[in-house]
Amino acid sequence: MPTGTGFESPRVPRNPIKSRRELLEEGAMWSVSTALALATGSLAHAQSAPPRFPGLIVRQRQPENLEFPFDTLDSFLTPNDRFYIRSHFAVPILEASSWRLKVEGAVERPVEIGYDDLVKMQARTRPATLECAGNGRVYLAPSPRGVQWELGAVSTAEWTGVPLAAILERAGVRPGAVDVVLEGADSGEIKDPPKPAGAIHFARSLPLAKALNPDTLLAFKMNGAELPPSHGFPVRAVVPGWYGVASVKWLTRIVVSDVPFQGHFQTVDYATFERRNGLVTRVPITELQVKASIARPVLHEIIPAARPYTISGAAWSGDSPIQRVEVSTDGGASWLQARLNDRSHPYSWRLWSYVWRSPSRGRAVLMARATDAAGRVQPMQRDPDRDNYMISHILPIEVEVR
Ligand SMILES: Nc1nc2c(c(=O)[nH]1)N[C@H]1C(S)=C(S)[C@@H](COP(=O)(O)O)O[C@H]1N2
Ligand SMILES: [Mo]
């Protein structure tokens, strides 16, 4: 078995099944307290904590950090009530009727748009996969800081929205502009130093070219429905091909900037290290890395002996589509081609499967490896410069056959 992959031996630091059950119990307690609130008449409290799809894994209740149970993956689009949620602050309660989007900074004419104006503009509908840059973090060793995601901080939805470019065109981007800062209505204090004083808003920037890409949307629909509050109601950015952090929720302000934005979530958090000309450089996290994940079987699952078993999962990449997924059932010694199940959609994951003839007994180490059309191959080794983000190297899934 390969060593030094950056994953702890035996492959997972905690028992994920136990921790999930504990977390589900927490979720069950939440429902009980909701019922109690209803019984005692404190309806306002009950309404602010709606019951969720019972299968969502609670990683943190406040702010909301909920994981899609990746082993239930059975469709290209993730239903809205199963889509993972990553929030840094409390969900801001916004109303469509009073919502305004301001566009200012290095523009010819600052503009302000209301919800009704926005939804009347020419919209596009397209699927896109969002993955949190910390997805898979629980499997890293030593255990790094941050939300302890297993495999499911990734989901795919069909988004309807207006290209950000159309809004920027209304305002007129001035020559010399380099960055477009997207600011959310949510705010709060940062806990860990280095941290600014007082509350700050969630904000991220896009380089002008990505902001003007016609696929970068200001979305107001998710899988054909109004955006749920936790996913950014009434309007969020969707930046296909980039880690989820770029897709700012509860968008209320856009600032066009003539210098690169250096905000907290751009440089201190959601940034990583890269080596350029022999220098270690701090860079914001941007494009999704090529990655295949195994949904089934799960780690330590018992597989029936000497029978066909369908190994399945999803694979995704950034700007380039998935070209190939290979599976190894012998710990990486040999690789065979998996079947790409559905049609390829730009910026979206591709479901895949592989029918494995299980052996007569013993342990097996399963792996999946994706390659994109640009020739990028999912690596076996973790790049330590990535610190606690961009976890895309191959995760061995050990199972028992009997
Ligand atoms: N305003 C705002 N936008 C945000 C965040 C946030 O905390 N506040 N989290 C970001 C991160 S880190 C991710 S991975 C995605 C998650 O989107 P989702 O909750 O709809 O899955 O939203 C991004 N947009
Ligand atoms: Mo994220």
Side-chain angles (χ1 to χ4, degrees), residues 52-53 56-60 62-68 70 77-94 99 101 128-137 144-149 152-159 161 181-191 199-206 216-223 225-254 263-266 268-272 284-289 316 349 386 388-392:
R52 300 226 166 257
F53 178 78
L56 272 180
I57 305 164
V58 181
R59 297 286 171 219
Q60 197 180 353
Q62 194 56 257
E64 286 181 350
N65 284 297
L66 304 174
E67 179 165 342
F68 166 54
F70 194 70
L77 296 178
T78 315
N80 288 357
D81 60 2
R82 264 202 265 176
F83 201 103
Y84 85 95
I85 298 172
R86 172 65 179 117
S87 294
H88 294 79
F89 307 123
V91 173
I93 307 300
L94 305 178
W99 177 85
L101 175 63
T129 295
L130 298 190
E131 182 189 18
C132 184
N135 190 28
R137 185 180 282 144
R145 66 197 179 280
V147 180
Q148 296 297 299
W149 303 110
V154 58
S155 302
T156 300
E158 195 169 66
W159 308 95
V181 186
L182 308 175
E183 189 187 62
D186 54 330
S187 65
E189 282 192 29
I190 305 297
K191 300 240 156 50
I200 59 164
H201 281 268
F202 187 87
R204 262 302 277 203
S205 75
L206 298 174
T216 299
L217 300 181
L218 304 189
F220 50 86
K221 276 189 180 175
M222 178 176 182
N223 291 326
E226 216 171 52
L227 276 184
S230 301
H231 293 290
F233 180 84
V235 177
R236 75 174 302 168
V238 172
V239 184
W242 282 30
Y243 279 102
V245 65
S247 295
V248 175
K249 304 191 277 190
W250 312 292
L251 186 68
T252 46
R253 197 159 71 103
I254 296 174
H264 177 81
F265 295 100
Q266 195 80 24
V268 179
D269 206 357
Y270 289 97
T272 182
I285 281 164
T286 56
E287 199 187 345
L288 283 168
Q289 300 294 301
W316 57 93
W349 67 18
R386 290 183 181 178
N388 62 335
Y389 286 122
M390 299 165 79
I391 301 133
S392 68

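Count residues from 1 along the sequence. Counting starts at 1 for both ligands and their atoms, following the listed order. Please read all numbers here as calculations on a predicted model, not as lab measurements. The figures here come from the full heavy-atom set of this structure, side chains too, leaving out hydrogens, waters and symmetry mates.
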(message) To check you understand the geometry: which heavy-atom pair defines the closest contact between Ser230 and Glu64, and what is its length?
(response) OG-OE1, 2.7 Å
When you pair each N or O of ligand 1 with protein N or O atoms, which pairs come out under 3.5 Å?
from     : atom 1 : to     : atom 2 : distance (Å)
ligand 1 : 1 (N)  : Asp186 : OD1    : 2.8
ligand 1 : 1 (N)  : Asp186 : OD2    : 3.2
ligand 1 : 1 (N)  : Lys249 : O      : 2.9
ligand 1 : 3 (N)  : Lys249 : N      : 2.8
ligand 1 : 7 (O)  : His88  : N      : 2.9
ligand 1 : 7 (O)  : His88  : ND1    : 2.7
ligand 1 : 8 (N)  : Asp186 : OD2    : 2.7
ligand 1 : 9 (N)  : Arg86  : O      : 3.2
ligand 1 : 17 (O) : Arg236 : NH2    : 3.2
ligand 1 : 19 (O) : Arg86  : N      : 3.0
ligand 1 : 19 (O) : Lys249 : NZ     : 2.6
ligand 1 : 20 (O) : His231 : ND1    : 2.7
ligand 1 : 20 (O) : Arg236 : NH1    : 2.7
ligand 1 : 21 (O) : Tyr84  : O      : 2.6
ligand 1 : 24 (N) : Ser247 : O      : 3.0

(message) One pair to check against side chain to side chain contact (heavy atoms under 4.5 Å, CB included): Lys249 and Ile85. What are the steps and the verdict?
(response) CA-CA 11 Å; Lys249 304 191 277 190; Ile85 298 172; 4.2 Å; yes
(message) So which atom in Asp186 and which in Ala90 form the shortest heavy-atom distance, rounded to 0.1 Å?
(response) CB-O, 3.9 Å
(message) Restricting to non-hydrogen atoms, name the atom on Asn388 and the atom on Arg145 that form the minimum distance, rounded to 0.1 Å.
(response) ND2-O, 3.3 Å
(request) Can you label the angle between the Phe202 ring and the Phe265 ring as parallel, tilted or perpendicular, going by 30° and 60°? (result) tilted
(request) Could you tell me how the ring of Phe70 sits relative to the ring of Trp349: parallel (under 30°), tilted (30 to 60°) or perpendicular (over 60°)? (result) perpendicular
